[in-house]
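Throughout, a chain's letter reflects where its sequence line sits, starting with A, and its residues are numbered from 1.
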Number of protein chains: 2
Amino acid sequence: MDKNKSTTEERILEAAKKVFHSKGFDGARMQEIANEAGVNKSLVHYYYRNKDTLFNAVFEDAFGRLLAKLNEVILSDNTFVSKIELFLNFYITFLSQNSYLPLFVLNGLYEKPEQIKSMLAKKKISPEKLMDQLRNQVREELHIDIEPFHLLINILSLCVFPVLAKPLIMTIFGYSNDQLGQFYQERQTTVPEFILNALKGYEQNHSK
Amino acid sequence: MDKNKSTTEERILEAAKKVFHSKGFDGARMQEIANEAGVNKSLVHYYYRNKDTLFNAVFEDAFGRLLAKLNEVILSDNTFVSKIELFLNFYITFLSQNSYLPLFVLNGLYEKPEQIKSMLAKKKISPEKLMDQLRNQVREELHIDIEPFHLLINILSLCVFPVLAKPLIMTIFGYSNDQLGQFYQERQTTVPEFILNALKGYEQNHSK
DNA sequence: ATATGGTTTAACCAATTGGTCAAAATTACA
DNA sequence: TGTAATTTTGACCAATTGGTTAAACCATAT
């Protein structure tokens, strides 16, 4: 509702994020987005032709952000463990402010899988490159030869799922928001440790 | 559409599952559910008062199934590793037939977190009991004292997320359905190994 | 001043949607 | 067989929703 600063187009996009993130495509109402932005509904159509266009803008913004960060971290100049810590840290802090975002992205991926490829192309992200980077780094740092695909998925699982399952955790174990925050805090050290231990186990079995 | 066998009430519920699972609450249409069941739309309202009632029935069925299985496996008479394998196996095979289900449940949990508690009560599932079981078993089998909460979340993450992220995996890495099936197959041995290795790492640091 | 261009609004519309209701069809049962 | 209860249907409705359009607004340049 704060009309100060920022163009109306930006305010509309921000409002759209807020509504789409929490209610999804079908649950979102163009009128609600207009209200949230403090403008007439027609203005929303003026800047973004229709609901689909607006949704795509919101989705690309969200998915692009997550993808870009993952890419940036993996290709950065850090140790393997540092990278996990970095990604975890970003993910947890960023998403404490945008708690609906991961589920929103996941839903979007189900509905429009094609978008993934165009997004990868636009951001010039190469999955193969990421995998190579991962494989090489694990080999050089930990002297372990490993198929990096399962490892990548495992890392992502351990980082992303606990954020996705937030309501499950809160309700089942009766956590308050503060307790949940502490839980995520603990994971910043717990998860890298867990992964590193798992990899060291492979050392005995698979390395030469 | 198969009117054979099963009461109309059951056919309506099955149709509702199909539609709600793939389109969510807001995306689902009562008319589509009626068509899918091969009955008049009014019949849907006759058996299930309104959309909310029908959705709740579908959600409870889905969430209840997953929860019951998790409970059954954890409390069963198996080794720690066997339990992980069992749960993984159930999860992967069951969900290859119901690929929309985990995301559906996750969305439902966001929208109606209260349902979790009533479901736990109805199925007489005690989270504390599960955690105790897990802690004791890890202590007795692996001689490791560990706070079981993070472990439980880690196991769930490694089992559930790769299924949730199906479209991401398929598109990013250009997997066919067959290749994806093989990937899940591999995880049946890969994941228990990963977890066990991680835990063995803790042995050196935390056990006495 | 006024013409011009982009910006914003109010009024409106066609289509959709969840839900109702009374009547018809079918079943149960005396 | 007749009749009461249950199940199924078609017609209908009020409300909602995405989207359109023409007019109003407003800054800026001439």
Side-chain angles (χ1 to χ4, degrees), chain A residues 1-62 100 104 107-108 110-112 115, chain B residues 1-62 100 104 107-108 110-112 115:
Chain A
M1 276 293 202
D2 48 316
K3 280 202 172 185
N4 341 336
K5 291 194 209 171
S6 74
T7 75
T8 48
E9 187 173 354
E10 287 168 341
R11 270 185 297 129
I12 290 174
L13 186 64
E14 285 307 309
K17 284 185 195 175
K18 195 166 173 180
V19 176
F20 276 130
H21 285 181
S22 58
K23 312 212 169 169
F25 180 82
D26 292 316
R29 300 286 160 246
M30 296 298 272
Q31 185 62 60
E32 190 182 352
I33 292 172
N35 292 344
E36 186 70 35
V39 300
N40 188 282
K41 186 175 61 136
S42 300
L43 251 200
V44 181
H45 286 90
Y46 177 73
Y47 285 108
Y48 301 88
R49 207 175 325 285
N50 52 36
K51 198 180 180 182
D52 280 278
T53 310
L54 182 53
F55 180 83
N56 284 343
V58 171
F59 178 75
E60 290 203 1
D61 177 274
Y100 288 103
F104 167 75
N107 280 311
Y110 267 79
E111 283 155 30
K112 329 200 170 189
Q115 293 252 349
Chain B
M1 275 297 202
D2 50 315
K3 280 202 172 185
N4 341 337
K5 291 195 210 171
S6 74
T7 74
T8 48
E9 187 173 354
E10 286 168 342
R11 269 187 297 128
I12 290 174
L13 187 63
E14 284 308 308
K17 283 185 196 177
K18 195 166 173 180
V19 176
F20 276 130
H21 285 182
S22 58
K23 312 211 168 169
F25 180 82
D26 293 315
R29 300 285 160 247
M30 296 298 273
Q31 185 62 59
E32 190 182 351
I33 292 172
N35 294 344
E36 186 72 35
V39 300
N40 188 284
K41 185 175 61 132
S42 301
L43 251 201
V44 181
H45 286 91
Y46 176 75
Y47 285 108
Y48 301 88
R49 205 174 327 285
N50 52 37
K51 198 179 181 183
D52 279 277
T53 310
L54 182 53
F55 180 84
N56 283 343
V58 172
F59 179 74
E60 291 204 2
D61 177 273
Y100 288 102
F104 168 75
N107 279 312
Y110 267 79
E111 282 156 30
K112 329 200 172 191
Q115 294 251 350

State which of C:dT8, D:dT8, D:dG18 makes the closest approach to the side chain of A:Arg29. D:dG18

For A:Phe55, which residues count as a ring pair (Phe, Tyr, Trp, His ring centres under 6.0 Å) partner, sequence neighbours excluded? A:Phe20, A:Phe25, A:Phe104

Neighbour count above 12 (heavy atom, 6.0 Å) for A:Lys18 NZ: no

Check this for me: does the side-chain of B:Ser42 come within 3.5 Å of the base of C:dT20 through a donor and an acceptor? yes

If you check the A:His45 side chain, which of C:dG18, D:dG18, D:dT8 turns out closest? D:dG18

Using a cut-off of strictly less than 4.0 Å, decide whether B:Asn40 has a side-chain nitrogen or oxygen near OP1 or OP2 of D:dT8. no

Can you check the A:Asn50 CG to D:dT20 C1' distance for me, whole Å? 12 Å

Choosing from C:dT7, C:dT9, D:dG18, which nucleotide comes nearest the side chain of A:Val39? C:dT9

Base, sugar-phosphate, or nothing: which does B:Tyr48 touch, judged by heavy atoms less than 4.0 Å apart? nothing

Separation of atom CD in A:Glu32 from atom C1' in D:dG18, rounded to whole Å: 15 Å

Can you tell me how far C1' of C:dT16 sits from NZ of B:Lys41, to the nearest Å? 10 Å

How many Å lie between CG on B:Leu43 and P on C:dG19, as a whole number? 15 Å

From CZ of B:Arg49 over to P of C:dT20, roughly how many Å is that when rounded to an integer? 9 Å

Please report, rounded to the nearest Å, how far the C1' atom of C:dG6 is from the CD atom of A:Glu9. 13 Å

Can a side-chain donor-acceptor contact be found between A:Asn56 and A:Glu60 if the only test is distance below 3.5 angstrom? no

With rounding to the nearest 0.5 Å, note down the distance linking CZ in B:Arg29 to NZ in B:Lys51. 5.5 Å

Between C:dT16 atom P and B:Lys51 atom NZ, what is the distance in whole Å? 16 Å

Are the charged groups of A:Glu14 and A:Lys17 less than 4.0 angstrom apart, N to O? yes

Any base atoms under 4.0 Å from A:Ala34, or only sugar-phosphate, or nothing? Heavy atoms, all strands. nothing

Starting at OH of B:Tyr46 and ending at C1' of C:dG19, how long is that distance when rounded to a whole Å? 17 Å

